[in-house]
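Worksheet: the structure to be examined is printed underneath.
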Amino acid sequence: MEDFVKSSLLLDFYGDLLTDHQKQVYGAYVQENLSVSEIAQESGISRQGVHDMIKRCRSILDSYEDKLHLVDRFLDIKDKVSQIDKASSLEDAKQISYEIMELL
């Protein structure tokens with residue numbers, strides 16, 4: 001999965017478990033696509049501080065995902081729904097039920 005997409009999903013699923021400051025800095029980096037320098041200027045901390053916080057937040061979010069697997073489950077369910085939708089567009093009703101049963 002593209003790193004940007006994974007970072008965004010991790011923030012969506014586990015962002016509330018970060019402190020407000022961590023969420024603000026990491027959100028600015030991931031969602032607003034601000035540079036480390038821009039975030040440092042906005043939040044009044046050094047570029048190195050921003051860089052360290054981004055790395056620490058990513059590590060924290062990865063740790064939650066390693067334990068809970070919510071993003072993996074979400075992507076798996078999304079893929080299965082897409083497959084079911086694709087199977088439901090088939091013209092043959094028997095083929096549709098066979099495809100859906102295989103997915104379930």
Can you give me every donor-acceptor pair (side chain of residues 21-31, partner residue at least two apart or in another chain, under 3.5 Å) with its distance?
{"from": "Gln22", "atom 1": "OE1", "to": "Thr19", "atom 2": "N", "distance (Å)": "3.0"}
{"from": "Gln22", "atom 1": "OE1", "to": "Thr19", "atom 2": "OG1", "distance (Å)": "3.3"}
{"from": "Lys23", "atom 1": "NZ", "to": "Asp16", "atom 2": "OD1", "distance (Å)": "2.5"}

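Rounding to the nearest 0.5 Å gives a distance of 12.0 Å between CG of Leu75 and OG of Ser82. Rounded to the nearest 0.5 Å, atoms CG (Leu70) and CG (Leu10) are 10.0 Å apart. Remark: Ile60 CD1 to Met53 CE distance equals 9.5 Å, nearest 0.5 Å. Leu61 contributes atom CG, which lies 11.0 Å from atom CG of Asp66 (distance to the nearest 0.5 angstrom).
Phe74 approaches Leu9 most closely through the heavy-atom pair CE2-CD2, 4.1 Å. Here the shortest heavy-atom pairing between Glu65 and Tyr14 reads OE1-OH, 2.6 Å.
The list of salt bridge (Lys or Arg N to Asp or Glu O under 4.0 Å) pairs with a residue in residues 33-50, not counting sequence neighbours, is empty. Every pair passing salt bridge (Lys or Arg N to Asp or Glu O under 4.0 Å) that includes a residue from residues 52-64 is listed here, sequence neighbours excluded: Asp3-Arg58, Arg58-Asp62.
Atom NE2 of His69 has more than 12 heavy atoms from other residues, nucleotides or ligands within 6.0 Å.
Residues Ile39 and Ile45 have side chains not in contact (no heavy-atom distance under 4.5 Å, counting atoms from C-beta outward).
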